[in-house]
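First up is the structure itself, then whatever we jot down about it.
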There are 2 protein chains.
Amino acid sequence: MKGIRRLAEHLNISIGTVSRALNGRPDVNEATRRRVLDAATELGYVPNQAGRTLRQGTTNAVGFMMESGADTSGNPDNFFFGVFDGVQAVLSRHQLDLVVLPCATDEDPTEYLRRMIARRLVDALIISATHRKDPRVELLNKAHVPFIALGRTGTPSDHPWIDLDFEGVANRAVDRLVAKGHRSIAVAVPSSDINLGVIFLQAYKDALARHGIAFEQSLVIYTSSSEQGGYQAAHQLISMAQRPTAILLVYELMAIGFYRGLRDAGLNPGQDVAVIAFRESPLSRFLSPALTCFRLSLRDVGIALGESLLASMPAYADIYPQGIVHRVWPMELVEGDSDNARNG
Amino acid sequence: MKGIRRLAEHLNISIGTVSRALNGRPDVNEATRRRVLDAATELGYVPNQAGRTLRQGTTNAVGFMMESGADTSGNPDNFFFGVFDGVQAVLSRHQLDLVVLPCATDEDPTEYLRRMIARRLVDALIISATHRKDPRVELLNKAHVPFIALGRTGTPSDHPWIDLDFEGVANRAVDRLVAKGHRSIAVAVPSSDINLGVIFLQAYKDALARHGIAFEQSLVIYTSSSEQGGYQAAHQLISMAQRPTAILLVYELMAIGFYRGLRDAGLNPGQDVAVIAFRESPLSRFLSPALTCFRLSLRDVGIALGESLLASMPAYADIYPQGIVHRVWPMELVEGDSDNARNG
DNA sequence: GAGAATTGCGTAAACGTTTTCGGAAGCCTC
DNA sequence: GAGGCTTCCGAAAACGTTTACGCAATTCTC
């Protein structure tokens, strides 16, 4: 005899009552509930998830899909782990657990997602590393799996999302640089279709336009979002006929390579080329010169993601009546020394 | 009508046969199997995992538990993702999926693990960030959940594990430094009970002893495994009465802070203080001076973890007949410029 | 060509829960 | 004290699979 039956037998009571007691149903005597609860901890009984899932059609878990090989992996760990922490803080309020689903580098993300959906491991999903054209959205919509995207897509009205304010970042970065006399500003973005890059690039163009600076395609450096990518960006920048006096980097890790690339050529980051990077991380202030960049609370993003996801799950929609969330997450400028020097 | 019943009805066949066909049982006509398989893809049928789990007692998933807040999170991302990739490569051969279980920073890891075990979300587990005294081992043993640890514990014979060769690292690092004339070598380790720190420290002591150098407690700097920790280590080192001429760092991220701390005090890393760090990452070669450190293939570690884990699962033990694995993973020295200068 | 072995399939039980339904007992109301 | 309400609980069905068992039809064996 195992499971709930064992508990019921031990108490001389029916399994139905045990279940009701455990699940906090109102129609059970408080005295019996006590006995059941006590016996449960005594015998170490925990309901079998497969049984519940089968009966209720719900797993009490939500998934966070990430692509280990994606361009976004230029993020230090702490990025995603910070977000996880916030998500969990919300989910745990409702006895929900977070499971992370890492898509292997050699597997197609859409196929992977399809498998995970079919598996019914989770009730809802968070997807990250969105692309402008992201077939996962249609897939999730079609399967009626509640989800939210960390990152916009080309069709932002089709689904809930929370995304960082790349426009604000690009705007303020360009404003700052222009105010210091820079007119020739390069930008380094990932080469793929990934959302971040596309949005950032467009915002950069718009910001230049606001200042009456002509956009030049040659100042856009497509590279990988890693230290290596930053290094290559430096090389590319140095070899330009008219060397730009400033650069925007989308990942802070790129700054490490970029600094090194500049120094190897006898140039000084912050002095000869002003640098502004996108996300603040512990790195930023320990680089020399300290990196000017933009800060956000990862945990808060996680919390927002969690709450917005619950809002799109029928079972919780009344507790989180936010409807479909489309939200641009503001970021705060962190002044470093990497863009201090005036130009001209 | 849903699920397997729908498929069976559509084919005018019993659900038993459908199931057998799908699961590759021998006692089904090849022609029928074809029909079933075709119909399955046509109707997009995928067996409900809860149903199978309930019946078979197996989930076809293995979990990887990590603590987001642990000292080990000073790793740039690629560490765990690299490992995941290897694990998945093995698991996918057997239709197993990997799910990552992130323990929130404010939750007790052992309690978290207990919950995950009770939930029966996975058939087997990989745990990381082991401590010298790690109650999770006993918990897993008692629950009869197959598992493997990435990292030793104080009772290494009680469970399968794969760990990095910290002894080799400490040995070779000290050998190198001594060969260049260093006699006063500091070491920076995390302050907690975490396995890595304890083993590394012991190996450092042993190495010193081999060279007839007296161990001095004052040269051990306990700090957090982050850039910040490295910065503090630098400060601490500088303020020593007799400043050491070399230092061993357990995490490469610490090097960034350490470099900065030295420079802020007018000292040159690599010149005034030789630095050797533990794990190579893309960072290492882009720092100035490039970091001398130790390399390993994360993917290969993941593969080994996956195979050894399967070896401890009854259902796969015959395919991976390795028994209980205790394995120290070798690492390769990567020469940088951070320990070049001779001393004395 | 009779008996034995093999092949292929249908039937039904089982996995561990939750939940609907109904009913027994107790309480209230007048 | 009869009837209605409430409170509490047991019985049993249902969720979607897999698999043990048994049986019919076919093939093999001599």
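Reminder, nothing fancy here: chain letters follow the sequence lines and each chain counts from 1.
Within 6.0 Å of NE2 on H10(A) lie no more than 12 heavy atoms contributed by other residues, nucleotides or ligands.
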I'd like a table of donor-acceptor pairs (distance under 3.5 Å, sequence neighbours excluded) in which one partner is a side-chain atom from residues 22-32 of chain A, with atom names and distances.
unit_1: N29(A); atom_1: OD1; unit_2: A31(A); atom_2: N; d: 2.7
unit_1: E30(A); atom_1: OE2; unit_2: R33(A); atom_2: NE; d: 3.1
unit_1: T32(A); atom_1: OG1; unit_2: N29(A); atom_2: O; d: 2.8

Can you give me every donor-acceptor pair (side chain of residues 56-64 of chain B, partner residue at least two apart or in another chain, under 3.5 Å) with its distance?
unit_1: T58(B); atom_1: OG1; unit_2: D123(B); atom_2: OD2; d: 2.9
unit_1: T59(B); atom_1: OG1; unit_2: A61(B); atom_2: N; d: 3.3
unit_1: T59(B); atom_1: OG1; unit_2: L121(B); atom_2: O; d: 3.2
unit_1: T59(B); atom_1: OG1; unit_2: D123(B); atom_2: N; d: 3.3
unit_1: T59(B); atom_1: OG1; unit_2: D123(B); atom_2: OD1; d: 3.0

Show me the protein contacts with nucleotides 6-10 of chain D, counting only N or O atoms at under 3.5 Å.
unit_1: dC9(D); atom_1: OP1; unit_2: T32(A); atom_2: OG1; d: 3.0
unit_1: dC9(D); atom_1: OP2; unit_2: N29(A); atom_2: N; d: 2.9
unit_1: dC9(D); atom_1: OP2; unit_2: T32(A); atom_2: OG1; d: 3.1
unit_1: dG10(D); atom_1: OP2; unit_2: S14(A); atom_2: N; d: 2.9
unit_1: dG10(D); atom_1: OP2; unit_2: S14(A); atom_2: OG; d: 2.9
unit_1: dG10(D); atom_1: OP2; unit_2: T17(A); atom_2: OG1; d: 2.7
unit_1: dG10(D); atom_1: N7; unit_2: R20(A); atom_2: NH2; d: 2.9
unit_1: dG10(D); atom_1: O6; unit_2: R20(A); atom_2: NH1; d: 3.1

Atom pairs, protein N/O to nucleotides 24-28 of chain C N/O, distance under 3.5 Å:
none

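Formation of a donor-acceptor pair under 3.5 Å by the T110(A) side chain with backbone atoms of P135(A) is not found in this model. Between the side chain of Y320(A) and the main chain of S312(A), no donor-acceptor pair closer than 3.5 Å is present. Formation of a donor-acceptor pair under 3.5 Å by the T17(A) side chain with backbone atoms of I13(A) is not found in this model.
Aromatic ring pairs are classed by plane angle as parallel below 30°, tilted from 30° to 60° and perpendicular above 60°; the pair W161(B) and H326(B) is parallel. Between F147(A) and H159(A), the ring planes are parallel. Angles under 30° get that label, and only those over 60° would be called perpendicular.
The one candidate from T153(B), I194(B), N195(B) that meets the side-chain contact (heavy atoms from CB on, under 4.5 Å) condition with D134(B) is T153(B).
Nucleic acid contact class of R25(B) (heavy atoms, under 4.0 Å, all strands): sugar-phosphate only.
Of all the residues in residues 39-58 of chain A, L54(A), R55(A) reach under 4.0 Å from DNA chain D with at least one non-hydrogen atom.
A straight line from CD1 of I4(B) to P of dA12(C) spans 17 Å, rounded to a whole angstrom.
Comparing the end axes of the helix from dG1(C)-dC30(D) to dC30(C)-dG1(D), each fitted to five base pairs by superposing C1' atoms of four pairs onto the next four, gives an inter-axis angle of 30° (nearest 10 degrees).
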